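Report on the following structure.
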Amino acid sequence: MSRLAGRFAELAKEGRAGLVTYVMAGDPDTTEAQKILDGLPAAGADVIELGLPFSDPMADGPAIQAAALRALNNGASTRKALAQLKKFREKDKTTPVVLMGYYNPIYIYGPERFCKDAAAAGADGLIVVDLPPEEDAELRPYAKEAGLDLVRLATPTTDDSRLPVVLEGASGFLYYVAVLGVTGTRSAASDDVSAAVARFRKTTKLPIAVGFGIKTPEGAAAIAKNADACVVGSALVQQVVEGPAAEAAGRVHGLVKALAGAVRAARAKRTA
Amino acid sequence: MTQLNSYRSGPDERGHFGIFGGRYVSETLMPLILEVERAYAAARKDPSFQKELDYYLEHYVGRPSPLWLAERLTKALGGAKIYLKRDELNHTGAHKINSCMGQILLAQRMGKKRIIAETGAGQHGVATATVCALFGMSCTVYMGATDIARQAPNVFRMKLLGAEVKPVTSGTGTLKDAMNEALRDWVANVEDTYYIIGTVAGPHPYPMMVRDFQSVIGRETREQIMGFEGRLPDKLVACIGGGSNAMGLFHPFLDDKDVAMDAVEAAGLGLDSGKHAASLQGGRPGVLHGNRTYLLMNEDGQIDEAHSISAGLDYPGIGPEHSWLHEIKRVKYVAATDDEAIEAFKLLSRTEGILPALEPSHALAHVARIAPKLPKDYLIVMNLCGRGDKDIFTIGERLGVKL
Ligand SMILES: Cc1ncc(COP(=O)(O)O)c(C=O)c1O
């Protein structure tokens, strides 16, 4: 069983939702970024999304845009992101890591080589934001060969006629982008989210992670009642700049702990 | 490669021109893009849509634009016979409005209420603000902070027309970032908003649709040159930012084997300087803004900043159909520097009494290079796609004149 499938099976057994934490590779710099990544599992992350920095992140709001620029200005690259992951994997063999980024750096790296190197570094899946099902035939076979799940995105605009297109060939989990918009700008409304999650469950057995627009422990708890996992990104990335750079890891892990606590308690509260 | 019987049949149904083009957008945008595609496919087949567009192009934009035999310019260069396609005489002073008019009529058919656009030089922003005022639609234009500083007159023009101009400070604060920001706006406002893209770039169907709307330039040129000369021209020349004025002039001639085509990219401080906007001559294939095309980027696939004295050419990419035409060698891509463009600007001003925009000044710089060596019966048609009024401050600064 893949790390991702294993982790979602464990979560189902425990009867709780998972916390997926997004951080940007190389942000704010190589050393601090490593500390941030390495400490996520202990702080309560069940799955990690590692952002690959890109100069033109079209689907991201100001927080993640700024994170990508910080990283790039400090010498980050796709290659270095994989090196960061490799170091993480030397110590952590169990936490699934999904690489999330845009297609151009992967295309330039070479899709086949990228999938091989990512898997060798310890990645479990890929999310390529600007590679919809219509175009991902140029990446999918290589991801499959390397044993990487290709996670697809569904959004509020993904209606019942489009959903099968999204689900065809999807693996790992289904990532529901809960708000119309870019990352980190709006808040997800939990009612709309639970309706959407219910709709997806009718057509797929994949675990459903919900993200974009979850910022606080309370917000995460509300989503965690129905979804199999909730994803928090912008709020964590924002912590990097909320104080001295050398203490960024402490701030990020602090928020992860609070989020993890809320997510773990969410369903207990419902039955209580 | 299989033998093509037409260069004009692209793109395929998924929006590809060879390996270029496509629809590389996030899932939030995908259903919208498909909706635009369906709406445009229906409009394209509907004679009443074309009729309505023709009405506005004739009575509001002022088409057809003249084809002008530039006799003094021809004499000054001493070789080929040079015709100028006068799209700078369109309402708002550039070719951009051809496509804005088509797209706003489409937006209306789709029942959209709000228009967004990106702009570099401000010409596309002004054209968009203009058609929005004409049709009473709300208009938001994204413009890089750097460009706002160097194109102040156009910013003011857009505001006078009732548009909201939103400065973009993310990334490098230029055209590519304005396009990112417009795409971000669009995903957040999918229900009521239509995005009028200003060039033959973006995800399918935009490169095809903008080309179709701009092709009125080439269709008129065909008829006009037949009227003057009784034959087709030997060469077409146009400048390239994203490539819409060039596609508009070239496309109706692509299957005419004897018509050569030169497209002129901005060489900025020189192709070797690293400070230019020549995506085809200094870049390589990649994926940005919804399509695969030639891009300026570093070895990690991070997009580079483009450099040109002309804000309208200052884009690190190029429309995907041009990438294809480049690879199959149907069109020749050349470049002109900032300095060459300024010289060409001065040349046209003095020989023909026309201040060209800095964008087509690049095309003219190339014409000035090749015309002297060509015979007198060699016919060149150059797309004079914009007028230079917007650029007098930039040029004044270059020439050391305070305005
Ligand atoms: C007058 C003029 N010409 C050319 C361009 C470049 O665009 P394109 O290559 O799409 O024609 C612009 C863009 O702003 C422009 O204003």
Side-chain angles (χ1 to χ4, degrees), chain A residues 52-62 65-66 68-69 71-72 75-81 101-110 114 127-138 152-159 161-162 165-166 175-177 179-183 185-186 212, chain B residues 13-16 19 21-35 37 168-172 176-191 193 202-204 283-293 295-305 316-317:
Chain A
L52 302 172
F54 182 48
S55 55
D56 293 77
M58 285 173 322
D60 285 299
Q65 287 171 39
L69 280 185
L72 290 172
S77 65
T78 309
R79 203 161 277 111
K80 287 189 185 160
Y102 292 81
Y103 188 50
N104 196 53
I106 296 174
Y107 178 65
I108 295 307
Y109 197 104
F114 175 80
I127 303 175
V128 188
V129 180
D130 55 350
L131 198 64
E134 280 81 353
E135 305 287 357
D136 75 8
E138 53 188 284
R152 289 270 179 72
L153 305 172
T155 74
T157 55
T158 311
D159 58 20
S161 68
R162 176 139 185 98
V165 179
V166 170
Y175 188 146
Y176 180 53
V177 173
V179 294
L180 281 176
V182 294
T183 50
T185 46
R186 292 182 179 175
F212 280 48
Chain B
E13 73 280 6
R14 287 165 59 231
H16 292 124
I19 67 158
R23 284 180 292 224
Y24 296 84
V25 297
S26 63
E27 180 59 27
T28 318
L29 272 185
M30 201 65 201
L32 265 124
I33 297 290
L34 296 172
E35 187 195 350
E37 187 185 335
V168 177
T169 52
S170 61
T172 54
K176 80 174 173 71
D177 307 290
M179 196 151 180
N180 289 332
E181 213 53 41
L183 287 164
R184 290 179 187 123
D185 178 310
W186 207 17
V187 295
N189 298 286
V190 295
E191 295 299 334
T193 299
H204 179 65
R284 56 195 168 130
V287 173
L288 181 71
H289 294 152
N291 68 91
R292 186 189 340 258
T293 194
L295 299 166
L296 301 178
M297 61 176 116
N298 72 10
E299 69 295 338
D300 187 38
Q302 310 296 337
I303 307 304
D304 277 338
E305 209 175 331

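Treat the numbers as computed from the prediction; the structure is a model and nothing was measured. Lettering follows sequence order; numbering is per chain, from 1.
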Within the 3.5 Å criterion, strictly below it, is a donor on Tyr102(A) or Asp60(A) matched to an acceptor on the partner's side chain? yes
Ile106(A) versus chain B, the contacting section by heavy-atom distance below 4.5 Å: neither
Counting heavy-atom pairs under 4.5 Å to chain A, which of Thr172(B), Val287(B), Asn189(B) comes out on top? Val287(B)
Assert top hit (heavy-atom pairs under 4.5 Å, partner chain A, pool Pro285(B), Gly290(B), Gly171(B)) equals Pro285(B)
Name the region of Val128(A), side chain, backbone, both or neither, that has any atom closer than 4.5 Å to a heavy atom of chain B. neither
With only heavy atoms counted, which part of Ala81(A) is less than 4.5 Å from chain B, the side chain, the backbone, both or neither? neither
Does a donor on one side chain and an acceptor on the other come within less than 3.5 Å for Arg292(B) and Tyr24(B)? yes
Checking heavy atoms, do the side chain of Ala154(A), its backbone, both or neither come under 4.5 Å from chain B? backbone
Using a cut-off of under 4.5 Å for heavy-atom pairs, which of Met58(A), Glu135(A), Glu138(A) has the most such pairs with chain B? Glu135(A)
Using a cut-off of under 4.5 Å on heavy-atom pairs, state which of Pro62(A), Ala59(A), Pro133(A), Pro57(A) scores highest against chain B. Pro57(A)
Does Glu35(B) CD have over 12 foreign heavy atoms under 6.0 Å away? yes
Applying side chain to side chain contact (heavy atoms under 4.5 Å, CB included) to Ser77(A) and not counting sequence neighbours gives Arg79(A), Lys80(A), Asp300(B)
Side-chain donor/acceptor of Asn291(B) to backbone N/O of Gly202(B), under 3.5 Å: yes
Would you please say whether a donor-acceptor pair under 3.5 Å links the side chains of His289(B) and Asn180(B)? yes
Whatever's closer than 4.5 Å to a heavy atom in chain B on Tyr107(A) counts as side chain
Answer with side chain, backbone, both or neither: which region of Leu153(A) has an atom nearer than 4.5 Å to a non-hydrogen atom of chain B? both
Which donor-acceptor pairs under 3.5 Å do side chains of residues 26-33 of chain B form with protein atoms, sequence neighbours excluded?
residue  : atom : partner   : partner atom : Å
Glu27(B) : OE1  : Arg162(A) : NH2          : 3.1
Glu27(B) : OE2  : Thr158(A) : OG1          : 3.4
Glu27(B) : OE2  : Arg162(A) : NE           : 2.6

Residue part contacting chain B, namely of Gln65(A), when any heavy atom lies under 4.5 Å: side chain
Is it the side chain or the backbone of Ile108(A) that comes within 4.5 Å of chain B heavy atoms, both, or neither? side chain
